[in-house]
Asker: 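Let me give you the structure first, and then I'll get to my questions.
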Amino acid sequence: IQQMQDSGLETAKFPTATFQTASIALPAVPVKGAKVSVNATGNLTIHGVTKTVTIPLNAVWNGALIDIEGNMAITLADFGITPPTRDFVKVTDAGTLEFKIALVRG
């Protein structure tokens with residue numbers, strides 16, 4: 001696993017990914033407990049490469065927190081990542097970016 005991290009993903013050199021958006025437009029005023037689905041367009045940086053992407057998001061406001069989750073398909077080559085290969089395993093060029101976050105009023 002360490003060789004795969006070092007040779008393809010280069011996690012020591014690129015330990016984080018970021019997504020930056022200017023704003024997210026809600027379709028209506030949030031209702032406590034109701035799921036809201038929106039698209040967030042912004043800049044996704046993985047492996048030092050930035051691309052403009054649109055990520056579908058689902059959010060639920062529970063009164064204290066806003067729980068947000070999303071996922072999208074990515075192609076490693078689009079972010080300058082060469083899938084590592086070994087005799088015993090082959091890594092495809094396709095992947096899924098998945099995340100869950102909770103927002104709280106500060």
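Since the structure is predicted, the reported quantities are computational estimates derived from the model, not experimental observations.
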Asker: Would you say that D67 contacts N62 through its side chain, given a criterion of any heavy-atom pair below 4.5 Å between the two side chains?
Answerer: yes
Asker: Through direct or indirect side-chain contacts below 4.5 angstrom among Ile, Leu, Val, Met, Phe, Trp and Tyr, which residues connect to V104?
Answerer: L65
Asker: List, one per line, each side-chain donor-acceptor pair under 3.5 Å for residues 70-80, sequence neighbours excluded.
Answerer:
none

Asker: Return the minimal non-hydrogen interatomic distance between P27 and V36, and the atom names on each side.
Answerer: CD-CG1, 3.6 Å
Asker: Same cluster or not: are W61 and L26 linked, directly or through other Ile, Leu, Val, Met, Phe, Trp or Tyr residues, by side-chain heavy atoms under 4.5 angstrom apart?
Answerer: yes
Asker: Do L44 and T50 come within less than 4.5 Å of each other through their side chains, counting heavy atoms only?
Answerer: no
Asker: Listed by chain and number, what are the side chain to side chain donor-acceptor pair (under 3.5 Å) partners of T52, not counting sequence neighbours?
Answerer: N43
Asker: Can you pull the side chain to side chain donor-acceptor pair (under 3.5 Å) pairs that have at least one residue in residues 24-37, sequence neighbours excluded?
Answerer: S37-N58
Asker: Scan for side chain to side chain donor-acceptor pair (under 3.5 Å) pairs involving residues 92-106, sequence neighbours excluded, and state none if there are none.
Answerer: none
Asker: Apply side chain to side chain donor-acceptor pair (under 3.5 Å) to T41 and list each qualifying residue two or more places apart in sequence or on a separate chain.
Answerer: T54
Asker: Which atoms form the tightest heavy-atom contact between A25 and V38, and what is the distance?
Answerer: O-CG1, 3.6 Å
Asker: For the residue pair F19 and V53, establish whether any side-chain heavy-atom pair is separated by less than 4.5 Å.
Answerer: yes
Asker: I24 pairs by side-chain contact (heavy atoms from CB on, under 4.5 Å) with which of L57, I68, N39, I55?
Answerer: L57
Asker: How close do I66 and A59 get, counting heavy atoms only, and between which atoms?
Answerer: CG2-CB, 4.2 Å
